[in-house]
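Sequence lines set the chain letters: A, B, ... in the order given, protein chains first and strands last, and positions in each chain run from 1. When reading the values below, keep in mind they use all heavy atoms of this one structure, side chains included, and skip hydrogens, waters and symmetry mates. Bear in mind the structure is a predicted one, so any value in this text is a computation, not a measurement.
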2 protein chains.
Amino acid sequence: MSIPAARDKFRKFLTQKGLRVTNQRLAIFDAAFAQKNHFTAEQLLDYARVIDDSVSRATVYRTLPIMTESVLLREVDIGTGEKFYHPNQEGGSSQVAQVVCLDCDRIFEISAPFMEWYGNTVSSKLGLTPVTQRLQVSARCDTLRMTGTCPRRAS
Amino acid sequence: MSIPAARDKFRKFLTQKGLRVTNQRLAIFDAAFAQKNHFTAEQLLDYARVIDDSVSRATVYRTLPIMTESVLLREVDIGTGEKFYHPNQEGGSSQVAQVVCLDCDRIFEISAPFMEWYGNTVSSKLGLTPVTQRLQVSARCDTLRMTGTCPRRAS
DNA sequence: TTGTGTGCAAAATGTTTGCAAATCA
DNA sequence: TGATTTGCAAACATTTTGCACACAA
């Protein structure tokens with residue numbers, strides 16, 4: 001899905017929910033979809049303020065759940081205290097794992113189709129039905145360890 | 001490993017690290033190992049104060065990392081803001097997944113031996129070496145949905 | 001017009017830290 | 001003795017909320 005299409009989906013989602021299409025919400029959307037990597041609420045505030053300097057921290061925090069609910073954004077919690085967000089370009093399969101590089105702090109999204117099977121297997125033994133599942137790997141950079149430089153640092 | 005053995009391991013760990021064996025630290029240990037389910041720092045403070053009412057919140061927060069480092073306690077972050085802890089009775093394999101029941105808020109620890117394979121597979125594609133991995137499933141109680149009562153609520 | 005959305009600042013939450021007094025080795 | 005540990009309260013970091021004003025429908 002292209003960014004204009006996503007923007008349109010966002011507007012439609014707001015309208016259909018009886019929410020208003022405000023400049024701030026659009027600025028936050030634009031800021032989010034201009035990002036290549038994962039970002040925090042605070043970073044998104046900075047980005048959004050470049051587009052519209054009237055955007056406040058409160059509005060960012062109030063808009064993020066809306067964008068998450070509309071499946072335009074994916075929320076990622078890697079246990080660092082702050083939440084990360086990521087534009088959800090595709091349909092929005094939840095069968096995605098994260099690999100977090102401890103050296104460059106980058107988060108990689110990796111397809112993990114077997115997660116659903118695992119969730120079902122393990123939950124059914126407990127008499128539970130899985131709702132969500134998450135798989136996260138934290139790892140160290142091989143190249144950095146061997147050569148002293150992380151190839152991804154540069155890019 | 002029995003509780004007395006674990007207690008002994010804790011004392012040895014402290015001494016060997018040049019840390020002191022204080023009443024507060026022992027009270028916190030005893031409180032932690034008396035728990036059946038996962039607990040938070042705040043809950044542990046309450047439990048420890050029953051044993052020794054001089055225990056403060058700060059000491060609990062300062063002791064938890066020590067007990068985690070000594071592999072007597074396992075830290076579990078399920079993305080709810082607060083961290084949970086759990087006595088690590090066995091050797092301490094990190095190949096454990098958590099199933100969190102959204103209805104009774106209980107956390108179940110489940111062996112997940114394939115996680116290591118997965119971490120290696122996915123990380124190597126990125127030129128990374130896995131350090132830790134976590135797999136968490138959130139689920140709903142079947143019995144509660146069908147009969148209106150959660151069998152685990154009672155116990 | 002009017003009720004939703006906004007910015008601001010204060011509150012809430014979970015955790016960490018500075019410091020003087022207490023205590024273990 | 002003397003350095004480590006403690007309790008207290010203040011500091012922190014992130015997120016949430018109350019309220020009066022602004023603005024989209």
Who are the salt bridge (Lys or Arg N to Asp or Glu O under 4.0 Å) partners of [X], not counting sequence neighbours?
X: B:Asp46; answer: none
X: B:Asp77; answer: none
X: A:Glu82; answer: none
X: B:Arg145; answer: B:Asp142

Rounded to whole angstroms, how far apart are [atom1] on [X] and [atom2] on [N]?
X: B:Leu14; N: D:dT5; atom1: CG; atom2: P; result: 9 Å
X: A:Asp52; N: C:dT6; atom1: CG; atom2: P; result: 10 Å
X: A:Arg57; N: D:dT15; atom1: CZ; atom2: P; result: 10 Å
X: B:Glu75; N: C:dT15; atom1: CD; atom2: C1'; result: 12 Å
X: B:Glu42; N: C:dT16; atom1: CD; atom2: C1'; result: 14 Å
X: A:Ile78; N: D:dT14; atom1: CD1; atom2: P; result: 13 Å
X: A:Phe84; N: D:dA13; atom1: CZ; atom2: C1'; result: 13 Å
X: A:Leu26; N: C:dT6; atom1: CG; atom2: P; result: 10 Å

Under the side chain to side chain contact (heavy atoms under 4.5 Å, CB included) test, residues paired with [X] that sit two or more places apart:
X: A:Tyr61; answer: A:Ala41, A:Arg57
X: A:Thr59; answer: A:Gln24, A:Ile28, A:Ser56, A:Thr63
X: A:Ala27; answer: A:Ile51, A:Asp52, A:Val55
X: B:Ser111; answer: B:Pro113

Tell me, please, which residues at least two apart from A:Phe29 pass ring-ring contact (aromatic ring centres under 6.0 Å, His included).
A:Phe10, A:Phe33
For nucleotides 10-14 of chain C, print each protein N/O atom paired with a nucleotide N/O atom at under 3.5 Å, atom names and distance only.
| residue | atom | partner | partner atom | Å |
| --- | --- | --- | --- | --- |
| C:dG14 | OP1 | B:Glu82 | OE1 | 3.3 |

Here's a test for you: under side chain to side chain contact (heavy atoms under 4.5 Å, CB included), which of B:Asp103, B:Val99, B:Asp105 qualifies with B:Cys101?
B:Asp103
By nearest heavy atom, map B:Leu19 and A:Ala58 onto DNA chain C; which one lands nearer the 5' end?
A:Ala58
Counting only heavy atoms and a strict 4.0 angstrom limit, can you tell me which residues of residues 43-50 of chain A come near DNA chain C?
none
Do any side-chain nitrogens or oxygens of B:Thr22 fall under 4.0 Å of OP1 or OP2 in D:dT6?
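For D:dT6, OP1/OP2 do have a side-chain N/O of B:Thr22 under 4.0 Å.
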How is B:Arg25 classified with respect to the nucleic acid when contacts are heavy atoms under 4.0 Å: base, sugar-phosphate, or nothing?
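The answer is sugar-phosphate, as B:Arg25 gets under 4.0 Å only of primed atoms, P, OP1 or OP2.
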Given 3.5 Å as the limit, does a donor-acceptor pair link the side chain of A:Ser70 with the main chain of A:Met67, or not?
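Such a contact is found between A:Ser70 side chain and A:Met67 backbone.
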Could you pull out the protein-nucleic contacts involving nucleotides 19-22 of chain C (nitrogen or oxygen on both sides, under 3.5 Å)?
none

